[in-house]
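The block underneath contains the structure these notes are about, expressed in structure tokens.
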Amino acid sequence: MAYWLFKSEPSCFSIDDLMKKKQQTSHWDGVRNYQVRNFLRDKIKIGDQCFFYHSSCNPPGIVGIAEVVKNAYPDHTAWDIHSDHFDPKSTPENPRWYMVDIKFLKKFPHIITLESLRKHPNLKNMVVTKTGNRLSITPVTPDEWKTILSL
DNA sequence: GCCAACGTTGGC
DNA sequence: GCCAACGTTGGC
């Protein structure tokens, strides 16, 4: 089992939105970055756990945990001309983008802020704490996972 | 709203 | 295949 961090702007899709979904499960659509697409398609599997991270808000940070409940399948929003994420180069015959389904597991009583992640010596190398990191999904090591749960 | 970082595009 | 221009992300 692997660990991940999933970023979302709460004004767009927050952990509360995930909680309110039917079965507290949602697909994770709209990824249009090849590195993240490869994570989704090749690495992220049923049973993996994910920190749910709120970005572009005040303060940014980790707000809870979700679990992968469905392996990668084509992101159909890419071939929906009305979608914000429409990509004419992706087709049902030859899908370019993928998504997984995640299910809500828990919401933390308090947000674990980006600032507090940066302060912790064990998290110095964590991808999300590095400036300029723009991947919406990043891998989390077991050590980082354990450290963050202890905060 | 600003701007640094960085991915993508396209001309050559 | 290089690289400048451009667009987007995301912290502040």
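Proteins get letters first, then strands, A, B, ... in listed order; numbering begins at 1 in each. The structure displayed is predicted, hence computed values, not measured ones. What's counted below: heavy atoms across the whole structure, side chains too, no hydrogens, waters or symmetry copies.
Applying the side-chain hydrogen bond (donor to acceptor under 3.5 Å, both in side chains) test to every pair with at least one member in residues 58-73 of chain A, sequence neighbours left out, gives these pairs: A:Y73-A:D101. Pairs of residues two or more places apart, or lying in two chains, that qualify as ring pair (Phe, Tyr, Trp, His ring centres under 6.0 Å) and include a residue from residues 89-121 of chain A are A:Y34-A:W97.
Between A:N133 atom CG and C:dT9 atom C1' there is a gap of 10 Å when expressed in whole angstrom units. Following rounding to the nearest Å, A:Q35 (CD) and C:dT9 (P) show an atom-to-atom distance of 15 Å. Rounded to a whole Å, the CD1 atom of A:I62 is 14 Å from the P atom of C:dG10. The CG atom of A:L5 sits 11 Å away from the P atom of C:dG10 (whole-angstrom rounding). Put simply, CD on A:E9 is 7 Å from P on C:dT9, counting in whole angstrom units. In this structure, the CD1 atom of A:I137 is 16 Å from the P atom of B:dG7, given to the nearest Å. C:dG7 atom C1' lies 16 Å from atom NE2 of A:H85, rounded to whole Å. Atom pair A:L135:CG and B:dG7:P shows a separation of 7 Å (rounding to whole Å applied).
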* Go through the steps for A:Y53 and A:I111 under the test side-chain contact (heavy atoms from CB on, under 4.5 Å), then give the verdict. => CA-CA 9 Å; A:Y53 179 94; A:I111 184 171; over 6 Å; no
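Here A:K7 reaches the OP1 or OP2 of C:dG10: one of its side-chain N or O atoms lies under 4.0 Å away. At the phosphate of B:dC6, neither OP1 nor OP2 sits under 4.0 Å from any side-chain N or O atom of A:Y34. Not one side-chain nitrogen or oxygen of A:R134 sits closer than 4.0 Å to the OP1 or OP2 atom of C:dG7.
Among the protein residues, A:N58 comes within range of no part of the nucleic acid, since none of its heavy atoms lies under 4.0 Å from any strand.
Of the candidates C:dC12, B:dT9, C:dG10, C:dC12 carries the atom nearest the A:R118 side chain, counting heavy atoms from C-beta on. Looking at the side chain of A:N33, the nearest of the listed nucleotides C:dG11, B:dG7, B:dT9 is B:dG7.
Using a cutoff of 4.0 Å between basic side-chain nitrogens and carboxylate oxygens, A:D16 and A:K107 are scored as salt-bridged. Salt bridge annotation for A:D75-A:R32: present, with a cationic side-chain nitrogen under 4.0 angstrom from a carboxylate oxygen.
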